[in-house]
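In what follows, a structure is listed as structure tokens, so that the remarks can point back to it.
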Amino acid sequence: KQWYQRRVAITAGGVNKTTDWKDYNHPLAPPESCCEDQTKCNYSTAYQDGCFTVINTFVNHNAKYIGFGVLGVALVELLGMSLACYLRTFIIKRTEYLEPHAA
């Protein structure tokens, strides 16, 4: 069910092309998720691009945005680690840290 929903979402046929399904006991028509009109699904009306091709094209066209997103997350992580180290140093240097607080 999950894989079916993924194929519908990315509008693709097999792995590389729709005819990949012929190798997996689908000689007459691919699965309905490979077609826009699921009532009249056959190899001529199915999406011709495969999942690998569609995902590869998407990643190649959006590589800089994906890269900037990863870089942004990495910078936030580095900032968090730097602030944690600063806080640790600040706590250790405090004179009240060595003396217990009165309750």
Side-chain angles (χ1 to χ4, degrees):
K1 178 131 175 127
Q2 296 261 338
W3 184 240
Y4 174 85
Q5 292 171 343
R6 299 290 186 282
R7 281 197 322 263
V8 169
I10 62 174
T11 62
V15 176
N16 294 311
K17 57 191 178 300
T18 304
T19 55
D20 291 343
W21 286 106
K22 288 182 181 180
D23 299 334
Y24 297 101
N25 297 327
H26 291 280
L28 301 176
E32 291 84 16
S33 62
C34 297
C35 298
E36 187 172 356
D37 183 10
Q38 296 181 353
T39 59
K40 300 176 185 175
C41 189
N42 58 39
Y43 283 106
S44 62
T45 61
Y47 300 118
Q48 296 304 311
D49 292 331
C51 293
F52 179 78
T53 307
V54 171
I55 292 171
N56 192 23
T57 303
F58 174 80
V59 169
N60 286 334
H61 283 123
N62 297 300
K64 66 179 175 182
Y65 303 117
I66 295 169
F68 286 139
V70 169
L71 186 62
V73 169
L75 289 175
V76 168
E77 291 288 330
L78 284 173
L79 179 64
M81 287 189 304
S82 299
L83 291 175
C85 290
Y86 172 75
L87 180 62
R88 178 188 171 273
T89 304
F90 179 75
I91 289 173
I92 288 176
K93 287 184 179 181
R94 281 188 12 206
T95 56
E96 296 91 24
Y97 184 76
L98 299 175
E99 301 171 10
H101 288 100

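All values derive from a computational prediction rather than experimental measurement.
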| message | Between Thr89 (side chain only) and Cys85 (backbone N and O only), is there a donor and an acceptor less than 3.5 Å apart? | response | yes
| task | For the residue pair Leu75 and Leu79, establish whether any side-chain heavy-atom pair is separated by less than 4.5 Å. | result | no
When the side chains of residues 60-71 are checked against the rest of the protein, which donor-acceptor pairs come out under 3.5 Å, sequence neighbours left out?
| residue | atom | partner | partner atom | Å |
| --- | --- | --- | --- | --- |
| Asn60 | ND2 | Asn56 | O | 3.2 |
| Asn60 | ND2 | Asn56 | OD1 | 3.3 |
| His61 | ND1 | Thr57 | O | 3.0 |
| Asn62 | ND2 | Phe58 | O | 3.0 |

